[in-house]
Asks: 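There's a structure below that I have some questions on.
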Amino acid sequence: MKFMLPPLTVAWMLQAAVYALIIFRAGRNDWPNVAAVLLSLLVLLLAAALVLTMLKRQESPLSTASVVGVVAFVFGVAGLSALRIPISYVALSACAPMFCAGLAVSNYLLQRANCHRVGLLEFEDAAEIVQQFPFSLPLISFETPCLRAFDKVLIDTAAHQSPEYSAAVTRLYMSGFEVVPWSYHLERVTGRAKIEEFDVSDLVFRPDQIYYAFVKRTIDIASVIVLLPIAIPVATIIWTYIRLLDGGPSLFIQERRGFAGSSFRMYKFRTMRKGTEAGATQADDGRILPGCKILRQLRLDELPQLLNILKGEMSWIGPRPVSLEIAEALEQRLPQYVNRQLVPPGLSGWAQVKLGYTSDLDQEVTKLSFDLYYIKHMSFDLDLLILIKTARTVLWRIGAL
């Protein structure tokens with residue numbers, strides 16, 4: 001719970017400031033009623049946070065917290081109305097996003113903290129497995145003192161799901177421990193899937209993933225339409241600038257590998273001098289047109305890909321599309337590479353925010369492990385995390401040459 005208190009405190013203080021300001025501007029002076037509402041919001045926040053701490057295994061902590069937050073907020077407003085306490089629905093509507101955001105951030109921090117309160121149940125090869133984790137992972141047994149200090153117990157599916165251990169592992173489940181295979185937990189904490197072990201038959205999408213896959217296309221279209229009034233004038237200025245600086249064409253068009261093995265024409269603004277686009281980009285590359293380096297750093301050269309999103313060839317988030325030449329080379333080298341095509345390619349992706357720009361086939365193989373992780377764990381939460389990391393990259397202007 002201590003990990004949740006800082007964001008919850010900030011969220012409540014913001015709500016208190018917003019609610020009091022709106023009440024003040026409305027000319028009301030019933031401050032005892034205001035105090036009652038603010039106290040109720042604080043109690044609701046803490047109660048919702050307590051509910052979240054009792055939900056042991058959460059695949060999507062941001063979405064889970066948001067749902068719990070909405071339910072708690074609605075019940076809170078209904079309770080205040082039932083008690084006939086004068087409230088401002090306008091002010092409460094303004095507080096609702098902060099209420100849910102505070103819960104989402106606090107729950108995310110709690111889940112991250114719980115990831116480190118983990119122990120690996122001893123078995124023959126346990127010492128080798130521990131070395132694969134990016135943090136210190138203690139080995140535990142059923143006789144380990146203070147076993148309750150751990151939230152999660154990792155098991156080996158081959159060693160521990162056997163008659164010798166089955167009764168003891170069942171007792172762990174019944175005692176409230178979260179028991180998961182160590183390979184699954186390693187995948188979650190590293191954000192990578194093992195390429196050689198990835199198999200399409202292992203993909204068992206949860207209902208929320210299936211629903212989100214349908215909703216995602218609607219989100220893509222709606223967000224592009226919302227951005228068009230800003231994107232069109234900016235794109236027009238960039239198109240004109242490149243045209244005046246280096247002549248036409250202003251667009252760079254390349255065939256890329258798309259969804260289900262298809263190919264499509266991906267659009268970008270041309271930021272290099274005509275005839276010099278071949279080859280990987282280097283630091284301080286002299287081929288880049290004057291003023292266009294900042295376009296690349298801010299990802300403004302990718303504005304034309306909004307058209308690819310509207311056409312359904314791309315999504316906002318997904319594995320970054322590669323050229324047909326690279327795709328064919330890697331498909332011959334790695335049979336698992338075709339699995340990137342299980343979802344539409346994206347303007348940004350998990351591999352891109354984790355590794356940034358890649359310039360050779362070996363780095364593309366490394367990116368594949370992140371792309372396969374995204375395909376297995378695709379969710380609104382993961383897409384939102386990628387969006388936040390992408391925004392951070394753009395604001396700090398890193399990861400693009």
Side-chain angles (χ1 to χ4, degrees), residues 132 134 181 183-184 186-206 209-210 212-213 216-217 220 252-268 277-281 299 302 305 308-309 311-379 382-383 385-387 389-390 393 399-401:
Q132 300 183 38
S183 55
Y184 174 85
L186 177 63
E187 185 175 285
R188 296 291 294 197
V189 297
T190 59
R192 302 176 61 176
K194 287 191 175 183
I195 298 174
E196 63 277 6
E197 297 179 5
F198 185 90
D199 191 272
V200 178
S201 61
D202 295 330
L203 292 178
V204 181
F205 292 115
R206 306 185 308 272
Q209 288 180 299
I210 297 173
Y212 179 61
K216 189 176 180 180
R217 177 60 185 153
D220 285 342
F252 173 69
I253 304 174
Q254 187 181 47
E255 290 286 326
R256 296 287 179 105
R257 178 72 82 216
F259 176 65
S262 61
S263 62
F264 70 98
R265 290 158 61 88
M266 193 188 78
Y267 308 107
K268 295 180 68 173
E277 295 90 352
T281 309
R299 306 298 196 270
E302 297 179 354
Q305 287 167 45
N308 292 121
I309 295 176
K311 293 168 65 178
E313 297 164 338
M314 292 179 62
S315 175
W316 281 104
I317 306 296
R320 192 77 180 123
V322 297
S323 66
L324 295 183
E325 294 78 11
I326 293 177
E328 291 168 357
L330 287 169
E331 285 163 2
Q332 293 180 358
R333 179 174 172 179
L334 282 172
Q336 296 90 341
Y337 196 80
V338 297
N339 293 316
R340 291 178 87 250
Q341 305 164 15
L342 289 171
V343 297
L347 196 63
S348 184
W350 183 238
Q352 188 177 21
V353 299
K354 297 293 284 187
L355 290 181
Y357 181 79
T358 57
S359 57
D360 57 53
L361 293 183
D362 290 334
Q363 291 177 330
E364 287 290 340
V365 172
T366 303
K367 286 180 67 174
L368 177 61
S369 64
F370 291 98
D371 286 330
L372 295 180
Y373 174 89
Y374 174 80
I375 291 170
K376 291 181 68 173
H377 302 282
M378 184 181 68
S379 65
L382 185 53
D383 279 3
L385 183 60
I386 294 170
L387 189 63
K389 287 180 176 289
T390 301
T393 300
L401 300 175

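Numbering of residues begins at 1 and proceeds along the displayed sequence.
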Asks: Taking all heavy atoms of Gly346 and all of Pro321, pick out the closest pair and write down the distance.
Replies: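 Taking Gly346 first and Pro321 second, the nearest heavy atoms are O-CD, 3.5 Å.
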Asks: Considering non-hydrogen atoms only, spot the tightest contact between Phe264 and Pro345 and give its length.
Replies: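 Where Phe264 meets Pro345 most closely, the heavy atoms are CE2-CG, 3.9 Å.
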Asks: Is there a side-chain contact between Arg192 and Lys354 (heavy atoms, below 4.5 Å)?
Replies: no
Asks: When rounded to the nearest 0.5 angstrom, what distance separates CG in Asn308 from CD in Glu302?
Replies: 10.5 Å
Asks: Which heavy atom of Val343 sits nearest to which heavy atom of Phe259, and what is that distance?
Replies: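 Smallest interatomic distance, heavy atoms only, reads C-CD1, 3.5 Å.
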Asks: List the steps, then state whether side chain to side chain contact (heavy atoms under 4.5 Å, CB included) holds for Arg333 with Val365.
Replies: CA-CA 9 Å; Arg333 179 174 172 179; Val365 172; 4.1 Å; yes
Asks: Any side-chain heavy atom of Arg188 sitting closer than 4.5 Å to one from His377?
Replies: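 Yes. Closest side-chain heavy atoms under 4.5 Å.
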Asks: Between Met378 and Ala213, which heavy-atom pair has the shortest distance, and what is it?
Replies: CE-CB, 4.1 Å
Asks: Minimum heavy-atom separation for Leu324 to Ser263, with atom names?
Replies: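 The pair with the smallest heavy-atom distance is CD2-CB, 3.8 Å.
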Asks: Taking the side chain as every heavy atom from C-beta outward, state whether Phe370 and Val353 have any pair of such atoms under 4.5 Å apart.
Replies: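 The answer is no; the side chains never approach within 4.5 Å.
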Asks: Any non-hydrogen side-chain atom of Arg299 less than 4.5 Å from a side-chain atom of Thr393?
Replies: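 A side-chain contact under 4.5 Å exists here.
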Asks: Does some side-chain heavy atom of Leu387 sit less than 4.5 Å from a side-chain heavy atom of Ser348?
Replies: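 No, their side chains stay 4.5 Å or more apart.
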Asks: Would you say Arg265 has more than 12 foreign heavy atoms packed within less than 6.0 Å of its CZ?
Replies: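 Counting neighbours around CZ of Arg265, 12 or fewer heavy atoms of other residues, nucleotides or ligands fall under 6.0 Å, so no.
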Asks: Is Trp350 reaching over with its side chain to a backbone N or O of Gly191, donor-acceptor style, under 3.5 angstrom?
Replies: yes
Asks: Is there side-chain contact between Leu368 and Phe198, with heavy atoms separated by less than 4.5 Å?
Replies: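 Sidechains of Phe198 and Leu368: no contact.
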Asks: To the nearest 0.5 Å, tell me how far Thr390 OG1 sits from Asp383 CG.
Replies: 10.0 Å
Asks: Applying side chain to side chain contact (heavy atoms under 4.5 Å, CB included), run through Met266 and Gln305 and close with a yes or a no.
Replies: CA-CA 7 Å; Met266 193 188 78; Gln305 287 167 45; 3.8 Å; yes
Asks: For Lys216 and Ile317, indicate whether the former's side chain and the latter's backbone hold a donor-acceptor pair under 3.5 Å.
Replies: yes
Asks: Okay, side chain of Arg340, backbone of Arg320: is any donor-acceptor separation there less than 3.5 Å?
Replies: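 Yes, Arg340 side chain to Arg320 backbone: donor-acceptor pair under 3.5 Å.
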Asks: Please walk me through it: do Met314 and Asp220 pass side chain to side chain contact (heavy atoms under 4.5 Å, CB included)?
Replies: CA-CA 9 Å; Met314 292 179 62; Asp220 285 342; over 6 Å; no
Asks: Should Tyr337 and Val322 be marked as a side chain to side chain contact (heavy atoms under 4.5 Å, CB included) after you check the CA-CA gap, both sets of side-chain angles, and the distance that decides it?
Replies: CA-CA 12 Å; Tyr337 196 80; Val322 297; 3.6 Å; yes
Asks: Report yes if some heavy atom in the side chain of Arg257 is under 4.5 Å from a heavy atom in the side chain of Glu328; otherwise report no.
Replies: yes
